[in-house]
Trainee: 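This is the structure, below, for whatever I ask next.
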Amino acid sequence: MEIYNTLTRQKEKFIPREDGKVSIYVCGPTTYNYIHLGNARPLVFFDTIRRYFVQQGFQVKYIQNFTDIDDKIIKRSFEEGLDASIISQKYIEEYYRDADALNVARANCHPRVSGHMKEIIEMIAVLIEKRFAYAVEGNIYFDVSSFPEYGKLSHRSSDEILAGARVEVDPRKKNPADFALWKAARKGEPFWESPWGAGRPGWHIECSAMSLKYLGSGFDIHGGGMDLIFPHHENEIAQSEAATGKLFARYWVHNGFITINQDKMSKSLGNFFLVREILEKFNSLTVRFFLLSTHYRSPLDFDFEKLDASGQGLERLKNSIELLEEAIQKHSSVAIKENDSDFQASLSELKKRFNQAMDDDFNTALAIGIFFEAAKEVNTFLNQNTVMDKADLVKAIELYAYFNSVLGLFKTGPEGKFILDEKPHADDSLVQSLIELLLKVRQEARTKKDWSTADRIRSGLKEIGIIIEDTPDGVRWKLSI
RNA sequence: GGCGGCAUAGCCAAGAGGCUAAGGCGACGGUCUGCAAAACCGUUAUUCCCCGGUUCAAGUCCGGGUGCCGCCUCCA
């Protein structure tokens with residue numbers, strides 16, 4: 001398996017710290033608003049690599065934090081007249097709703113800054129003691145000049161960083177590139193007691209403290225969006241390696257941006273779409289498909305037409321799964337041969353290629369392409385054969401289940417069974433009976449060659465999202481994606 | 001100013017020296033169907049932004065252009 005490491009700017013063979021185990025830390029959201037599509041990309045992507053590691057037999061420890069102490073949360077709390085912790089709590093809950101919709105599993109742990117003040121203060125104390133940090137009027141700053149490797153992740157020297165600095169320099173800092181580890185409390189702001197007085201942590205220290213607490217030095221993968229490379233991750237490295245004297249993280253993985261009309265989607269530009277808004281019009285798994293249909297390091301331009309195309313593509317995969325499941329029902333009595341048919345051999349080949357795609361720096365776009373190739377293979381097989389061996393069909397559905405266990409494009413039930421119709425009430429027995437009744441009436445009309453009545457029922461149902469298909473074996477209905 | 005990325009069909013997109021340039025969406029023609037839908041078959045890039053170069057061989061490597069974007073400031 002090869003992973004592109006931002007630190008070395010090249011793909012490297014993945015060698016975990018501990019055999020058979022992977023430790024991953026992903027920077028999670030600051031909890032002052034609903035997440036937008038740009039936040040969803042790393043969520044879905046890192047969820048996917050986690051799934052892949054699990055499928056490859058790794059024991060995965062996956063940590064994603066919530067930054068629940070931050071200037072923007074405080075600002076919001078002033079605006080709304082609510083306690084900052086209430087704002088955070090609300091958006092953490094809303095985060096989970098979006099993540100669930102996108103089929104993103106919970107991390108093993110979602111640590112919050114507010115719950116780790118002890119670790120943060122301890123870490124700052126160590127940095128002061130080792131003379132990597134200094135205090136000015138209740139603020140603690142990291143002294144960039146004390147850490148010679150500063151800049152190794154973003155590949156620039158402190159001088160370069162200075163040369164391009166567009167930011168107003170805080171006169172209390174020794175060096176303009178120094179950054180705050182601890183900020184003295186200002187009036188009305190939430191604060192915690194520390195050896196340096198009341199205050200709160202700076203932006204970067206929490207990820208260092210929490211990742212080291214849960215994963216330890218030298219953990220495997222640290223991830224996030226490309227805009228975190230500098231300064232956030234650069235500063236994390238400086239703090240952590242200065243404090244521990246050891247390598248902080250082995251592989252740095254950064255996803256590219258979502259753009260809108262080629263411009264970065266960002267909160268500051270105001271050109272963002274909340275996941276919440278998109279889900280009003282689109283299936284959440286269509287959004288997941290869209291996010292995985294481009295390699296994670298490439299920019300991904302968003303518009304609703306592209307989401308439509310993703311929905312169509314997903315529908316095609318879904319149809320193939322349904323066709324296959326029906327065939328399995330139908331051919332359940334056919335005796336199982338223990339042989340390896342050509343069909344099974346080509347399925348194995350597809351699985352191999354799928355894994356090769358994922359092994360090559362998580363090429364989900366290629367992997368999805370292979371899923372489509374499998375769909376064509378399966379559909380053709382289903383079309384061409386009237387008598388089928390159940391072993392072949394089972395092998396095919398297992399392949400689909402495997403692809404899906406990695407990509408998460410469809411929800412699954414307890415035994416890994418596909419749950420394809422997700423809309424509310426689809427399994428409501430009243431809805432079922434009403435549709436059965438309509439279909440019966442339509443069938444009677446068809447028998448009488450009353451095509452206009454039959455077609456009226458079909459088009460009427462289509463308008464409310466129910467697709468009717470007449471097959472040689474009778475009518476079939478399903479919900480559209 | 002410094003650092004970095006990208007440019008492949010109508011659209012999206014894989015592809016990192018060598019069989020006929022994956023796959024999807026869309027479009028068109030066909031099979032099936034009462035008509036549809038789904039599915040299948042066929043067509044849709046003699047060519048990968050432009051110009052040079054290296055090589056027996058280049059979207060793929062090198063040099064030079066052009067265009068777009070990002071980071072250097074809170075941002076995934």
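Note: hydrogens, waters and symmetry copies are ignored here, and every other heavy atom, side chains too, is used. The shown structure was predicted, so the numbers you read here are calculated from the model rather than taken from an experiment. Protein chains get the first letters and strands the later ones, always in sequence-line order, with residue 1 at the start of each.
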Trainee: Is any side-chain N of the basic residue among A/R442 and A/D470 closer than 4.0 Å to the acidic one's carboxylate O?
Mentor: yes
Trainee: Starting at CG of A/N255 and ending at P of B/G70, how long is that distance when rounded to a whole Å?
Mentor: 16 Å
Trainee: Any salt bridge linking A/R476 with A/E326? Criterion: basic side-chain nitrogen under 4.0 Å from a carboxylate oxygen.
Mentor: yes
Trainee: Between A/L300 and A/L317, which is nearer to the 5' end of RNA chain B once each is assigned its nearest nucleotide?
Mentor: A/L300
Trainee: Does a salt bridge link A/E234 with A/R156, judged by any charged N lying under 4.0 Å from a carboxylate O?
Mentor: no
Trainee: Partners of A/E2 by salt bridge (charged side-chain N to carboxylate O under 4.0 Å, His left out), sequence neighbours excluded?
Mentor: none
Trainee: Atom NZ of A/K306 and atom P of B/G24: how far apart are they, to the nearest Å?
Mentor: 19 Å
Trainee: Using a strict threshold of under 4.0 Å (side-chain N to carboxylate O), is an ion pair present between A/R458 and A/D455?
Mentor: yes
Trainee: Test of understanding: with salt bridge (charged side-chain N to carboxylate O under 4.0 Å, His left out), list the residues that count as partners of A/R76, not counting sequence neighbours.
Mentor: A/E80
Trainee: Validate the cation-pi geometry between A/K61 and A/Y214: distance from NZ or CZ to the six-membered ring centre under 6.0 Å, angle to the ring axis within 45°.
Mentor: no
Trainee: From CZ of A/R288 over to P of B/G24, roughly how many Å is that when rounded to an integer?
Mentor: 21 Å
Trainee: Distances under 3.5 Å between protein N/O atoms and the N/O atoms of nucleotides 47-49 of chain B, please, pair by pair.
Mentor:
none

Trainee: Should the pair A/D70-A/K75 be classified as a salt bridge under the 4.0 Å nitrogen-to-oxygen rule?
Mentor: no
Trainee: So, using side-chain contact (heavy atoms from CB on, under 4.5 Å) as the criterion, who are the partners of A/K440 when residues are at least two apart?
Mentor: A/E444
Trainee: Pairing of RNA chain B as dot-bracket, 5' to 3': ( ) intra-strand, [ ] crossing, | other strand, . unpaired, with Watson-Crick or G-U pairs under 3.5 Å?
Mentor: ((((((((.[[[..)..(....]]]((((((.......))))))....[[[[[..)....]]]]])))))))....
Trainee: Does a salt bridge link A/K72 with A/E79, judged by any charged N lying under 4.0 Å from a carboxylate O?
Mentor: no
Trainee: Do any N or O atoms from the side chain of A/S88 and from the backbone of A/S85 form a donor-acceptor pair under 3.5 angstrom?
Mentor: no
Trainee: Identify whether any heavy atom of A/G223 sits under 4.0 Å from a base atom; if not, whether one sits that close to sugar-phosphate; answer base, sugar-phosphate or nothing.
Mentor: nothing
Trainee: Under the 3.5 Å rule, do the base of B/A16 and the side chain of A/K11 count as making a donor-acceptor pair?
Mentor: yes
Trainee: For B/G59, measure the glycosidic angle (O4'-C1'-N9-C4 for a purine, O4'-C1'-N1-C2 for a pyrimidine) and name it syn if it falls within 90° of 0, otherwise anti.
Mentor: syn
Trainee: Could you state the atom-to-atom distance from CZ of A/F230 to C1' of B/G2 in whole Å?
Mentor: 12 Å
Trainee: Heavy atoms under 4.0 Å is the rule here; annotate nucleotides 25-36 of chain B 5' to 3' with B where the base is hit, S where only the sugar-phosphate is, and - elsewhere.
Mentor: SS-------BBB
Trainee: Could you check how far CD1 of A/I370 sits from P of B/A22, rounded to whole Å?
Mentor: 14 Å
Trainee: With a non-hydrogen cut-off below 4.0 angstrom, is A/K376 in contact with a base, only sugar-phosphate, or nothing?
Mentor: sugar-phosphate
Trainee: Round to the nearest Å and state the distance from A/I457 atom CD1 to B/A37 atom C1'.
Mentor: 16 Å
Trainee: Given atom CG of A/N235 and atom P of B/C72, what is their separation to the nearest angstrom?
Mentor: 12 Å
Trainee: Just checking, is any N or O donor in the side chain of A/D68 or A/T31 under 3.5 Å from an acceptor N or O on the other one?
Mentor: no
Trainee: Checking all strands, does A/I258 fall into the base, sugar-phosphate, or nothing category for heavy-atom contacts under 4.0 angstrom?
Mentor: base
